Amino acid sequence: MSKKILVLGGAGYIGSHTYVELLESGYDPAIVDDFSNAEHKVIERLKALTQRDVRFYEGDCNDAAFMEKVIGTEGDVHAVIHFAAFKAVGESVEKPLKYYENNIGSLLVLLNKMTAHQIPHLVFSSSCTVYGEPDKLPVTESTPRKPAESPYGNTKQICEDIIADCVRSKAAIKAIALRYFNPMGAHPSGLIGELPIGAPNNLVPFVTQVAAGVREKLTVFGNDYPTPDGTCVRDYIHVVDLAKAHVKALEHLSHLNESNHYDIINIGTGEGNSVMEVIKTFEKVSGQPLNYVIGPKRDGDVETVYANADKAKQVIGWTSELTLEDGLRDAWRWQQSLKEEDSQ
Ligand code: WQD
């Protein structure tokens with residue numbers, strides 16, 4: 001009997017890719033999502049990609065009665081992966097209460113349900129944003145967290161601490177917080193990918209929308225940073241590699257003897273690439289020049305951040321396999337499939 005996994009926020013970008021990798025690895029995942037940041041079309045796309053029906057529950061993870069119903073219907077849940085959070089840094093500054101309520105509230109509901117129903121395993125979606133501007137590079141898991149520069153980043157720090165305190169209280173939960181660096185790319189099938197609502201905040205979807213003619217030009221937020229080419233450096237991790245890291249984390253948790261466990265693991269490639277390198281690599285994979293201009297720096301941007309990914313290899317046996325070029329090629333294929341879909 002395959003182990004049941006609840007994927008909270010499973011209709012979203014990283015959640016949907018993780019749903020696919022869970023199935024590939026023999027798990028029995030179910031999606032829980034309110035579709036506030038995902039289209040219902042994702043369900044059809046997942047059916048096409050996996051050639052199987054998709055079990056999903058539409059509702060708010062902050063709603064305890066809804067979560068009770070989901071868990072009651074599922075029966076014996078082996079683990080939960082919690083992606084269900086708002087993640088737009090800028091919006092979190094304008095609407096902090098929306099972020100604190102949703103991102104922290106949904107975790108509190110979940111942890112209460114996990115202890116009430118003896119669900120032992122949790123993989124939590126955290127972020128490199130907790131490190132702020134690191135003093136030393138590459139960033140390891142013992143690099144001190146910096147005071148969050150946005151309510152979004154603060155919710156990630158608070159959620160990590162809530163999980164740690166729960167485990168310390170012997171709540172019989174084994175948890176791993178995965179600190180993502182910069183997710184990008186799409187499933188090579190071109191059937192699922194990133195679907196930003198409105199103008200993308202993140203670099204890669206903005207690049208692909210400019211290349212597809214959806215947007216006129218990319219503005220590079222500053223090129224006079226003290227970096228090799230003056231533009232910011234990030235650790236771009238392919239979303240399929242990132243999805244596989246969740247499966248590895250689950251497998252690791254399942255084999256632990258102790259009943260209470262909490263760990264933090266960076267999920268990055270260990271390499272840094274600048275904005276200009278992303279642009280040049282994209283022009284290479286798309287075979288077309290990208291229309292961009294240099295603009296002012298964006299508030300809150302850190303200059304350089306990339307991971308030391310050794311712990312992921314040592315503890316959960318995971319390393320990234322796909323390159324920046326693979327991710328940009330897959331992101332471009334996905335963007336073009338959207339254009340075809342719209343024209344149908
Ligand atoms: C990357 C680089 C920009 C857009 C954010 C969140 C982080 C995580 C990943 C959730 C930066 C530059 C961008 C544009 C640009 N999300 N850029 N023009 O800010 O590193 O991280 O997403 O966990 O928490 O903070 O990603 O893609 O926005 O920016 O020049 O139109 O691209 O300045 O240097 P970021 P990003």
Side-chain angles (χ1 to χ4, degrees), residues 9 12-15 37 82-93 99 102-103 124-134 137 139 145-146 148-160 177-185 194 196 198-211 214-239 242 245-246 266-269 272-282 290-307 324 327-328 331:
Y13 175 40
I14 303 166
N37 195 20
H82 186 358
F83 295 104
F86 298 141
K87 63 156 189 134
V89 172
E91 185 192 40
S92 78
V93 174
Y99 276 67
N102 181 61
N103 293 7
F124 177 71
S125 164
S126 190
S127 167
C128 66
T129 206
V130 303
Y131 296 114
E133 178 86 63
L137 288 164
V139 169
R145 296 184 321 187
K146 290 261 180 90
E149 303 191 0
S150 71
Y152 161 75
N154 205 22
T155 65
K156 289 303 178 184
Q157 292 189 5
I158 293 166
C159 285
E160 286 188 356
L178 297 181
R179 287 177 178 166
Y180 309 159
F181 280 69
N182 284 57
M184 55 95 203
E194 199 166 2
N201 295 302
N202 295 132
L203 176 66
V204 172
F206 209 106
V207 163
T208 59
Q209 287 191 8
V210 168
V214 173
R215 306 220 175 258
E216 189 222 339
K217 64 180 182 301
L218 169 77
T219 301
V220 173
F221 296 144
N223 71 342
D224 55 355
Y225 284 94
T227 60
D229 64 19
T231 62
C232 294
V233 173
R234 295 288 185 277
D235 184 332
Y236 294 97
I237 175 80
H238 195 299
V239 67
L242 176 57
H246 291 77
N266 286 341
I267 300 298
T269 65
N273 286 112
S274 73
V275 176
M276 283 315 298
E277 284 171 328
V278 170
I279 291 172
K280 294 305 165 205
T281 307
F282 182 79
L290 187 79
N291 185 18
Y292 69 91
V293 295
I294 305 296
K297 291 180 179 170
R298 176 172 68 176
D299 284 351
D301 269 340
V302 301
E303 172 219 310
T304 299
V305 59
Y306 57 90
L324 175 69
L328 293 171

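Fair warning: this is a prediction, and the values are worked out from it, not measured in the lab. Atoms within a ligand are numbered from 1 in the order they appear, just like the ligands themselves.
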Test side-chain contact (heavy atoms from CB on, under 4.5 Å) on Asp224 and Lys297 and set out the steps.
-> CA-CA 9 Å; Asp224 55 355; Lys297 291 180 179 170; 3.1 Å; yes
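- When the side chain to side chain contact (heavy atoms under 4.5 Å, CB included) test is applied to Val239, the partners found at least two apart in sequence or on another chain are Tyr13, Ile14, His17.
- Every residue two or more places apart in sequence or in another chain was checked for a ring pair (Phe, Tyr, Trp, His ring centres under 6.0 Å) with Tyr292, and none qualifies.
- Closer than 4.0 angstrom to ligand 1 sit non-hydrogen atoms from Val89, Ser127, Thr129, Tyr152, Asn182, Asn201, Asn202, Leu203, Leu218, Thr219, Val220, Phe221, Cys232, Arg234, Tyr236, Val275, Arg298, Asp301.
- For His238, there are no ring pair (Phe, Tyr, Trp, His ring centres under 6.0 Å) partners two or more places apart in sequence or in a different chain.
- Taking the six-membered ring where the residue is Trp, Tyr152 and Tyr99 present perpendicular rings, their angle passing 60° and hence far from 30°.
- With 3.5 Å as the limit, one finds a donor-acceptor pair spanning the side chains of Ser125 and Tyr180.
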